[in-house]
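Read the structure below first, then the notes.
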Amino acid sequence: MADRSTMSEQDNHLTEKEICSDSETADCLEEEAFVFGEGLELNRFDGLPFSSRYYKLLQERKSLPVWKAREEFLDILVNNRLVIVSGTTKTGKSTQIPQWCAEFCLSAQYQHGMALSTQIHSQQAVDLALRVADEMDVNIGHEVGYSIPLETCCSTDTVLRFCTDALLLREMMSDPMLEHYGAIVIDQAHERTVSTDILLGLLQDILVHRPDLRVVILTVSSMTDRLRAHYGSNVPVVSLEGLCPAEVIYSNCSSKDYFYSALRLVLEIHRTKEEGDVVLFLASAQEVVCARAILQREGTRLGAALGELVPVVLCPGQGRAPSLLGEGMGSRGTVTTRGRRVFLSTSQGEDMFWAVDSVNFVIDAGVEKRYVYNPRIRANSEVLRSISRCQADIRKQLTGPTGKCFCLYPEERVLPIETSPQILETNLTSTILFLKRMKIAGLGHCDFITRPDPEVLMQSLEELDYLAALDDDGNLSEIGIIISELPLDAQMAKALLASCEFDCVNEVVTIAAMLSAPSCFLEPPVGRAQEVQQCHRKFRHPEGDHFTLINIYNAFKYSQRETYFSVEKWCQDYHLNHRALQTADAIRSELTDILKRIELPISETSFGTKTNTLNIKRALLAGFFMQIARDVDGSGNYFMLTNRHMAQVHPASSYGAKAHQLGLPEWVLFHEYSLSENNCIRIVSEISPAVFIQMAPQYFYYNLPPSESKDLLQHILDRDGSGRKDKKQTLTINSKADKDCSTVAQSYDRCVLQ
């Protein structure tokens with residue numbers, strides 16, 4: 001949309017006078033626009049005349065199923081603080097309800113704040129903001145804006161903002177009562193993310209303190225009863241008429257054969273030359289990447305007369321996905337004119353297709369891979385399971401009545417009614433840290449829709465206690481308050497905080513940024529794995545993967561300063577993910593700004609020296625002392641001290657690649673471990689047991705389960721007497737331990753790239 005001129009001061013005063021008062025709320029909401037002069041309609045949000053595109057989009061909006069409930073919704077919103085709107089995807093609720101809430105806030109002259117709509121994915125928030133700004137005939141970033149991690153497009157003129165649910169939670173740390181908002185829309189509540197469930201719990205308490213606030217929950221019909229049981233049976237519900245479902249074709253495909261069966265079906269659909277794009281739902285992001293490679297290869301073997309087959313990856317949570325706005329909206333494309341797109345997605349991706357009208361085929365594998373947290377072993381387990389009936393119903397309605405939905409499972413299969421809440425399957429340490437912080441802010445009660453597992457809660461509290469984030473009364477300590485300021489998991493935040501004392505902030509903040517961003521390594525093309533490994537070997541650091549990540553980031557920054565070649569070309573040559581490295585750079589800048597804001601010292605970089613290497617390991621151990629493993633037989637079988645499980649180093653690790661040439665370190669610190677078919681520890685760096693004893697709280701060490709590895713540590717502890725007696729002094733450096741550790745640490749003054 002072309003930029004619109006700023007309203008003059010005189011017109012501004014005129015518009016303010018024409019805004020109706022609180023007593024005229026109901027009447028004002030029914031008006032579409034102000035009338036200024038004969039036949040000239042002015043936009044109530046910016047005071048400028050409507051464009052011709054506004055009226056074209058208005059006709060499309062009026063054809064949406066949600067439009068039939070407009071008057072009912074507005075009447076309920078005026079008289080009720082909480083409203084539930086139930087309906088499936090493509091009913092228009094995600095675009096229209098926020099606009100009507102903005103009108104409600106306008107009718108009150110924004111006395112109680114502006115309107116806000118939450119999404120569970122960043123790309124969804126951006127796409128909705130762009131579409132709504134277009135429909136409201138205003139500029140994106142002015143009257144309508146969005147806020148997602150590392151990117152904000154808002155101004156003081158913003159009256160409607162889209163953001164992620166996790167970002168709104170962080171905002172509540174400084175504004176616990178959400179005083180800036182007069183109406184809040186919680187979208188996709190049926191996905192049951194941890195952030196959304198916490199918001200739904202806290203908003204119940206906020207509504208008691210703020211009777212002027214309006215909260216609208218958008219969900220599917222199957223969750224309506226659960227929400228009313230939680231908030232009260234008197235909560236009004238606006239039910240939207242769904243679209244007629246597509247023709248559903250079930251299959252007797254076994255759960256093991258779904259992947260290749262789905263790909264064969266895509267190719268068969270393409271050979272029929274029937275119009276329309278295809279949406280394929282697979283179990284995991286790894287399967288999506290594999291499917292794209294196969295379809296790209298097979299698509300080139302098909303005849304040119306069939307048209308091009310274009311795989312498009314739309315995986316939620318895998319970074320910024322390509323926007324669907326403007327692609328196929330309003331009309332069905334043909335195979336012969338522009339090719340056929342095959343959208344590859346996973347669970348929680350159903351609502352990403354609201355802007356696509358060209359989909360005529362849906363292929364549903366019917367399964368999903370989820371990581372379920374086990375507090376007893378402090379690790380995630382990869383689980384393959386059926387999708388919920390709620391997800392299956394949404395997928396069946398993505399094509400409309402003329403399309404086809406192929407379900408690669410028998411019709412008689414019994415599916416769970418609702419999606420399992422993530423709060424039952426996730427490590428809640430960061431969640432508990434946030435709730436402790438909200439207690440300080442005066443909002444101490446969160447009434448969960450589904451209560452978390454008590455064992456997970458106790459383990460999370462224990463972990464925060466190990467990290468010295470809690471005081472003797474169970475409240476946040478000074479260290480805990482600082483940790484809660486950092487947008488990192490608690491262990492990484494503690495390591496970054498410790499780096500301030502060890503004069504290695506520049507290096508640890510780089511590690512934190514690289515681990516928070518998507519993986520910087522691209523999947524090797526088929527048949528080129530050896531070539532890709534050779535490229536990545538140039539960045540490997542002898543001390544381990546954490547140091548390798550620093551090398552990669554430093555090389556990326558150095559390439560930005562080169563004038564002879566582009567950064568994108570450099571990333572392509574070394575098979576690195578350019579977008580992931582850009583994200584890591586932005587995260588690093590954000591973390592550095594936070595450290596400066598809370599006045600923590602930031603040291604000059606000295607990467608590559610022996611002292612700096614030792615200090616980086618100390619800082620990492622200050623946060624990750626619970627993730628230590630020992631090679632028990634010299635062949636790469638690592639025994640994890642905390643859970644007594646065995647694992648191998650991931651093949652992509654620096655140690656995984658050079659194990660046969662240089663051997664594996666005996667003691668390592670690892671960043672990630674998951675129970676799966678191939679139990680592997682990822683992001684591994686060598687440590688010495690003396691440094692571990694120095695940095696780990698003594699009472700954590702004594703709580704370790706019995707093992708040969710613990711006996712070895714006890715022998716070292718008895719020999720040099722370097723144990724500490726005070727658990728709160730985990731950051732204090734003992735001079736004798738310094739001397740002992742320096743003799744153990746290996747000398748690597750050089751590094752590959754500095």
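- No donor-acceptor contact under 3.5 angstrom links the side chains of N380 and S674, judged on distance only.
- One finds a salt bridge joining E60 and R131 here, because a Lys/Arg side-chain nitrogen approaches an Asp/Glu carboxylate oxygen to under 4.0 Å.
- No donor-acceptor pair under 3.5 Å is formed between the side chain of T196 and the backbone N or O of T193.
- Side-chain atoms of Q123 and D127 include a donor-acceptor pair closer than 3.5 Å.
- Both cation-pi conditions hold for R395 and F281: the charged atom is under 6.0 angstrom from the six-membered ring centre and inside a 45 degree cone around its axis.
- Inter-residue side-chain proximity for T91 and T89 is flagged as unmet; no heavy-atom pair is nearer than 4.5 Å.
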- Query: When you look at R370 and E382, which way does the salt bridge (charged side-chain N to carboxylate O under 4.0 Å, His left out) test go after all the steps?
  - Reply: CA-CA 6 Å; R370 294 278 287 266; E382 190 178 61; over 6 Å; no
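- Remark: D212 engages R210 in a salt bridge (Lys or Arg N to Asp or Glu O under 4.0 Å) (not counting sequence neighbours).
- Salt bridge E462/R378: present, at least one basic N to carboxylate O contact under 4.0 Å.
- For the pair K436 (side chain) and G474 (backbone), a donor-acceptor distance under 3.5 Å is present.
- If you check the side chains of E135 and Q96, you find a donor sitting under 3.5 Å from an acceptor.
- Closest of all the heavy-atom pairs between S484 and L433 is CA-CD2, 3.9 Å.
- Annotation for I249: atom CD1 counts as buried by contact number, over 12 foreign heavy atoms lying within 6.0 Å.
- Shown here is E241, whose CD atom has no more than 12 heavy atoms of other residues, nucleotides or ligands within 6.0 Å.
- Side chain to side chain, S86 and T219 fail the donor-acceptor criterion of an N or O pair below 3.5 Å.
- Heavy atoms of other residues, nucleotides or ligands lying less than 6.0 angstrom from CZ of R385 number more than 12.
- In terms of heavy-atom proximity, T346 sits nearest to A283 at CG2-C, 4.4 Å.
- Between the side chain of R214 and the main chain of V78, a donor-acceptor pair closer than 3.5 Å is present.
- A salt bridge is absent between E275 and R340: the closest approach of a Lys/Arg side-chain nitrogen to an acidic carboxylate oxygen does not fall below 4.0 angstrom.
- Of the possible polar contacts, one joining the K93 side chain to the G87 backbone as a donor-acceptor pair under 3.5 Å is found.
- Closest approach of V144 to A133, counting heavy atoms only: CB-CB, 3.9 Å.
- Looking at Q119 and T164, their side chains never bring a donor and an acceptor atom within 3.5 Å of each other.
- The pair R192-E425 fails the salt-bridge criterion, with no side-chain N (NZ, NE, NH1 or NH2) lying under 4.0 Å from an Asp/Glu carboxylate O.
- The nearest pair of heavy atoms linking Y258 to A365 is CD1-CB, 3.6 Å.
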- Query: Taking it one step at a time, do E103 and R70 satisfy salt bridge (charged side-chain N to carboxylate O under 4.0 Å, His left out)?
  - Reply: CA-CA 12 Å; E103 293 178 18; R70 182 176 186 272; 3.1 Å; yes
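- Remark: the S460 side chain and the E463 side chain contain no N/O donor-acceptor pair separated by less than 3.5 Å.
- Using a 3.5 Å distance cut-off with no hydrogens or angles, the side chains of R161 and S117 do not pair a donor with an acceptor.
- Using a distance-only test at 3.5 Å, with no hydrogens or angles considered, a donor-acceptor pair links the side chain of Q99 to the main chain of T95.
- The closest donor-acceptor contact from the side chain of D489 to the backbone of M492 lies under 3.5 Å.
- Side-chain N or O atoms of D175 include none that pairs as donor or acceptor with a backbone N or O of E171 at under 3.5 Å.
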- Message: Assess the residue pair E418 and R389 against the criterion (salt bridge (charged side-chain N to carboxylate O under 4.0 Å, His left out)); give the C-alpha distance rounded to whole Å, side-chain angles, the decisive distance to 0.1 Å, and a yes or no.
- Response: CA-CA 6 Å; E418 296 181 3; R389 190 190 310 169; over 6 Å; no
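- Pairing each heavy atom of D187 with each of T118, the nearest pair is CB-O, 3.1 Å.
- Across F162 and S94, no two heavy atoms sit closer than the pair CE2-O, 4.2 Å.
- Tested against W100 for a side chain to side chain contact (heavy atoms under 4.5 Å, CB included), the candidates L77, V216, V66, V185 yield a single pass: V66.
- With a 6.0 Å radius and a threshold of 12 heavy atoms from other residues, nucleotides or ligands, Y260 has its OH atom at or below the threshold.
- Listed for the E368 side chain is no donor-acceptor partner under 3.5 Å among the backbone atoms of S347.
- In this structure, a donor-acceptor pair under 3.5 Å is present between the side chains of Y373 and Q459.
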